[in-house]
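The block underneath contains the structure these notes are about, expressed in structure tokens.
Every value quoted in this text rests on a predicted model; they were computed, and no experiment measured them. Residue numbering restarts at 1 for every chain, and letters A, B, ... go by the order of the sequence lines.
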2 protein chains.
Amino acid sequence: MISNSSKYAVKAVLYLAVNSSEDHKILAKDISTPTNIPKAYLSKVLQELSRHNIVSSVRGPGGGFYLSKENIKTPLMKIIQVMDGDNRLTSCMLSLQECDAEHPCPMHDLVGNTKVNFVKNLEENTVGDLVKDIKAGKSFLPL
Amino acid sequence: MISNSSKYAVKAVLYLAVNSSEDHKILAKDISTPTNIPKAYLSKVLQELSRHNIVSSVRGPGGGFYLSKENIKTPLMKIIQVMDGDNRLTSCMLSLQECDAEHPCPMHDLVGNTKVNFVKNLEENTVGDLVKDIKAGKSFLPL
DNA sequence: AGATTAAAAGACATTTTTATCCTTTATATG
DNA sequence: CATATAAAGGATAAAAATGTCTTTTAATCT
Ligand code: FES
Ligand code: FES
């Protein structure tokens, strides 16, 4: 549904959102361990996220990763777009040029609305919104 | 969302459902051309589908692929399970052991119901059901 | 039986995704 | 300034997905 890289990205960003702040930065290896993401691979993911201003990073002693106030407003969709490209979730299930209710493929109605809703949710909900749920005990961060 | 192999499988099965019958079998290459699926790869997909009784095949002169009355009753979900395994669509987006509303991951609510609905639709709708829509002009087979 | 047809099966090649390792650059601190 | 720290970047490796090619088996027809 989403790539491993996207999963890693979301898990890492949420971990940072819950545990880090500008004056409590976290090292890649200290995200790797609790989230069960391979260190070296996670570093690449964080690099990419940093390049797209989804996470913030500082090098050197006392450095690490954290989420700025701006970062926390990132819509979930952006993370997935950066990792998986624009159309993994929006493209037609059977590879028609466009996924379009006017000219639907045979699978369109099986997934159509649900897919659109999902994408809408990803666009409307930010990292901060998910953190609210976690802090309210409504959802749980996986190991 | 689903693999290329699954897309190919669904497209090929639908093509057979619309165009073939027990006394009008179709060669792999004659599915390949109209569906734009590479011949050799499609053959592998059809082989796998045949092994799981999703399509029927006969070798030798006058042979080819077709869908039996039984084949047409195949739920869409079975095709995707055979090609992509059991849990590509049902597993947790963030790789929790189970995707469970009782212990949801932070993304669960963004996708939860919609994913469940999609899987339900795939389980409830058969190849024959989709063909009905195609024949009624409600949906269109991609090239 | 022999020849031809077409799927089944096996071997192999390419590409993409996932993963690891090593070097370089930026930052902080003594 | 020298040194340590930690991310950034580059190179490489392993695994999985995708794609191709060749040989084998089963069916049909002369
Ligand atoms: S047209 Fe194919 S999924 Fe929408
Ligand atoms: S628990 Fe993660 S998607 Fe359902």
Side chains of A:S20 and A:Y15, donor plus acceptor under 3.5 Å: no
Interatomic distance where CG belongs to B:L46 and C1' belongs to D:dT20 [whole Å]: 16 Å
Atom-pair distance (NZ on B:K29; P on C:dA7), nearest Å: 9 Å
Given B:I2, B:I80, B:T35, the one that forms side chain to side chain contact (heavy atoms under 4.5 Å, CB included) with B:K7: B:I2
A:K39/A:T33 under side chain to side chain contact (heavy atoms under 4.5 Å, CB included): CA gap, chis, key distance, verdict: CA-CA 8 Å; A:K39 275 158 285 199; A:T33 308; 5.9 Å; no
Interatomic distance, B:K25 NZ vs C:dA8 P [rounded to whole Å]: 13 Å
Whole angstrom value for the distance that separates C1' of D:dA6 from CD1 of A:I31: 12 Å
Sugar-phosphate, base or nothing in reach of A:S43, heavy atoms under 4.0 Å: nothing
Protein-nucleotide distance (A:N4, atom CG; C:dT16, atom P), rounded to Å: 18 Å
Sugar-phosphate, base or nothing in reach of B:S50, heavy atoms under 4.0 Å: sugar-phosphate
A:S68-A:N71 side chain donor-acceptor pair, cut-off 3.5 Å: yes
Nearest-angstrom distance from the residue atom CD1 of A:I26 to P of D:dA7: 11 Å
Per-nucleotide protein contact string for nucleotides 21-30 of chain D, where B marks a base within reach and S marks sugar-phosphate only (heavy atoms under 4.0 Å, - for neither): B---BBBB--
Passing candidate, side chain to side chain contact (heavy atoms under 4.5 Å, CB included) with B:T74, options B:V82, B:T126, B:V55, B:I79: B:I79
DNA chain C: 5'-proximal contact among B:G64 and A:L42 (nearest heavy atom): B:G64
Side chain to side chain contact (heavy atoms under 4.5 Å, CB included) between A:K73 and A:V127, intermediate numbers included: CA-CA 6 Å; A:K73 294 177 194 158; A:V127 172; over 6 Å; no
Value in whole Å for how far the C1' atom of C:dT25 lies from CZ of A:R51: 14 Å
Integer-rounded Å distance: D:dA8 P and A:E48 CD: 11 Å
Check: A:S6/A:D84 side-chain N/O donor and acceptor closer than 3.5 Å: yes
Proximity to the side chain of A:Q47 - top-ranked nucleotide from C:dA6, C:dT18, D:dG9: D:dG9
Under-4.0 Å side-chain N/O to phosphate OP1/OP2 contact, A:S5 with C:dT18: yes
Out of D:dT18, D:dA7, C:dT18, whichever nucleotide has its closest atom nearest the side chain of A:S57: D:dA7
Side-chain N or O of B:Y8 closer than 4.0 Å to phosphate OP1/OP2 of D:dT18: no
B:Y41, nearest nucleotide to its side chain (from D:dT18, C:dA19, C:dT18): D:dT18
